[in-house]
Amino acid sequence: MSNSAPSTPSPAPAGSPSRSMDAIMALCKRRGFVFQASDIYGGINGFWDYGPLGAQLKKNLRDAWWQDMILNPCWGRRGPGGQRVVNVPLETCIIQHPKVWEASGHVGGFNDPMVDCKETKGRYRYDHVMVFVPESGDPGDKPVFAYVGDQPTEAKQKKKAEKTFGAIKSVALSSLPQPWTRVIGPDAEKPGTLTEPRMFNLMFDTIPGAIRDEANKAYLRPETAQGVFLHFKNVVDSTRVKIPFGIGNTGRSFRNEVTPRNFTFRSREFEQAELEFFCHPDESRDWYVFWRDFRMDWWKAIGLAGENLILREHDKDELSHYSVGTSDVEYRFPFTAPGFGELEGIAHRGNYDLTQHQTHSKVKLDYFDTTRGETLPNGGKKGERYMPHCIEPAAGLDRGALALICEGYTVDPSRPSPEFLKLHPRVAPIKAAVFPLMDKDGMPEVADRLTDELFAKFGRYGFIESDAKQSIGKRYARMDEAGCPYCFTVDGDSLKDQTVTVRDRDTGQQQRLGIGQVSGFLGEKLGL
RNA sequence: GCGGGCGUAGCUCAGUGGUAGAGCAUCACGUUGCCAACGUGAGGGUCGAGGGUUCAAGUCCCUUCGCCCGCUCCA
């Protein structure tokens, strides 16, 4: 825990009533972190908007990612070979050529009606499933045998069907009336295990161009990663980067989730921050470990330092067929407790994506590495041509913002303002507040001058608030709830000795500080 | 997609067929000189939406939208 002061109880454990999602969602709405999209029309399932504080919180999170991944990668931490880590940014469109998603595998797997087998957990394209039935067409009370053409199941099921019926014929599953209580799935033993066909529209589609023509259908991207692979060659040719290096891409992605659930956690429109890091196949495992460890450290550094954060290595059977390894940075959200929910996946993608796009686009995407190969008489290298491997740390910014809010949300009944948000100063949307203790006797003027100074120095990083109304306790409480880390208060003594009090959000404790020291104090606390 | 719960002021909720309410919050004025203080006052509602029954609907019925929980799904 970040706070070790004995007077401060540790945050309520995940899943306890005092850290309930209801309370967190209520605070999010009350203080303007998150609103439901199209609220006044009754909302729209799976879409959430950010209010003033939430928009700034998420921007701070995005900026932190950009700073620590692109501008000063890994805080200067050296790569596995002792080299400086080099990453460059890219910003690609939400809509790309439809073939991109065929190459990536997103179209083939998810755009057709599928039937699932409850027994084997197999999934089949509805229009590919055929069934062996007796020549007469009427099986009586006997089961019929489903199969998928050109697959091992065909011969197996044909044999069984012939044994049962003798003369058989083949019909489409779609020609049989539902429910298919008598159909034995391709790999199943018992009849009646196939579900009704279901559409899995993972991707939203749209039709660019003035004239609606289904032939022009395009998709809203389900991930930002593919935009990077498409420009791998352009980046190499235009920036003098040498492998190993990474390309970062942030932006909105869209997935037509079957069940949007859990506040902003599973939204249909969401923002990703993804890095595709390209390296030689032989070094890919080391880089995978490097990125996995750094990304975990990064989330800790912006405030998820508690036991609610874990790094989970995927089991072998969870991995995609092309992946050497995948880890998730996972957070114990109130709605997943005692389990965890994914914040970021760090995947070793091998050379799958570049290879796929090379095949589909017929454009060479391999890399000529002039630092490898045998040494030539002139001292240079002969070079080596290879398809780079890729490590992909892919973070969800909305999930990150939600985790920051959940982690920061604290209830301490012993405080005058029990409910408060312990946001790390780097991501807190409000960086500081300035209050005149009373709205008279020269205090507002001093407060105004200090406010101006803080705006000039820190306004570019977040909000600087000032408030002269109502009791001081109420103003502190408001700032606590909004996650503002420090409040500076001008009182009667300020006029005499040029000092103010600074109040720490997490402890409620105050100390006196010269007005001239305030900027230095705040800059240090904000890590600037 | 299936099952269950919920939807009344910004928030938490009361209101079981008969004039829409309370507390907190917000705003103003006054008091108060460091922790959601006190006093006085103000603003804020087509009771999620649409339809129906009824002399009369927040309340009963139907439909629909949204949120929450469980299952399902999540190469």
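What's counted below: heavy atoms across the whole structure, side chains too, no hydrogens, waters or symmetry copies. Here the structure is a predicted model, which means the values were calculated and not measured. In what follows, every chain begins at residue 1, and chains take the letters A, B, ... in the order their sequences are listed.
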Open item on the list: Measuring to OP1 and OP2 of B:C11, would you say a side-chain N or O of A:Lys29 lies under 4.0 angstrom away?
Closed with: yes
Task: Syn/anti state for B:G33 [syn: chi within 90° of 0] - done: syn
Open item on the list: Is the phosphate of B:C69 approached by A:Asn262 (side-chain N or O, under 4.0 Å from OP1 or OP2)?
Closed with: yes
Open item on the list: Nearest to the side chain of A:Pro416, heavy atoms from C-beta on, is which of B:C11, B:A28, B:A36?
Closed with: B:A36
Task: Cation-pi geometry met for A:Arg221 and A:Phe254 (6.0 Å, 45°) - done: no
Task: Minimum-distance nucleotide (side-chain atoms of A:Trp48 versus B:C67, B:C73, B:G33) - done: B:C67
- [ ] Starting from P on B:G66, measure out to CZ on A:Arg266 and report it in whole angstrom.
- [x] 17 Å
Open item on the list: Let's test your reading of the model: under 3.5 Å, does the base of B:C34 pair with the side chain of A:Arg503 as donor and acceptor?
Closed with: no
TODO: Give A:Phe263 one of three labels, base, sugar-phosphate or nothing, depending on what nucleic acid heavy atoms sit under 4.0 Å from its own.
DONE: sugar-phosphate
- [ ] For A:Asp491, report the nucleic acid contact type (base, sugar-phosphate, nothing); a contact means any heavy atom under 4.0 Å.
- [x] base
Open item on the list: Please classify the nucleic acid contact of A:Asp480 as base, sugar-phosphate, or nothing, using heavy-atom distances under 4.0 Å.
Closed with: nothing
TODO: May I ask you to say what A:Gly46 touches in the nucleic acid, namely base, sugar-phosphate or nothing, with a heavy-atom cut-off under 4.0 Å?
DONE: sugar-phosphate
Task: A:Lys474 side-chain N/O to B:C34 phosphate OP1/OP2 under 4.0 Å - done: no
Open item on the list: Rounded to whole Å, please give me the gap between CZ in A:Arg478 and P in B:C11.
Closed with: 17 Å
Open item on the list: Taking the P atom in each of B:C27 and B:U8, what is the distance between them to the nearest angstrom?
Closed with: 24 Å
Open item on the list: Check for me whether A:Arg312 meets the cation-pi criterion with A:Phe340, that is, NZ or CZ under 6.0 Å from the six-membered ring centre and within 45 degrees of the ring axis.
Closed with: no
TODO: Select from A:Asp439 and A:Ala26 the residue whose nearest nucleotide in RNA chain B is closer to the 5' end of that strand.
DONE: A:Ala26
Task: Side-chain donor or acceptor of A:Tyr288 paired with backbone N/O of A:Ser327 under 3.5 Å - done: yes
- [ ] Take A:Ile44 and A:Met438, find for each the nucleotide of RNA chain B with the closest heavy atom, and name the residue whose nucleotide sits nearer the 5' end.
- [x] A:Met438
Open item on the list: On the nucleotide B:C35, are OP1 or OP2 found under 4.0 Å from the side-chain N or O atoms that A:Gln470 carries?
Closed with: no
- [ ] Test for a donor-acceptor pair under 3.5 Å between the base of B:C67 and the side chain of A:Gln36, counting only N and O atoms.
- [x] no
TODO: Is it possible for you to check whether A:Arg505 lies under 6.0 Å from the centre of the six-membered ring of A:Tyr486, through NZ or CZ, and within 45° of that ring's axis?
DONE: no
TODO: Give a yes/no answer on whether the side chain of A:Asn45 brings an N or O atom under 4.0 Å of OP1 or OP2 in B:C67.
DONE: yes
TODO: Apply side chain to side chain donor-acceptor pair (under 3.5 Å) to A:Arg295 and list each qualifying residue two or more places apart in sequence or on a separate chain.
DONE: A:Glu344
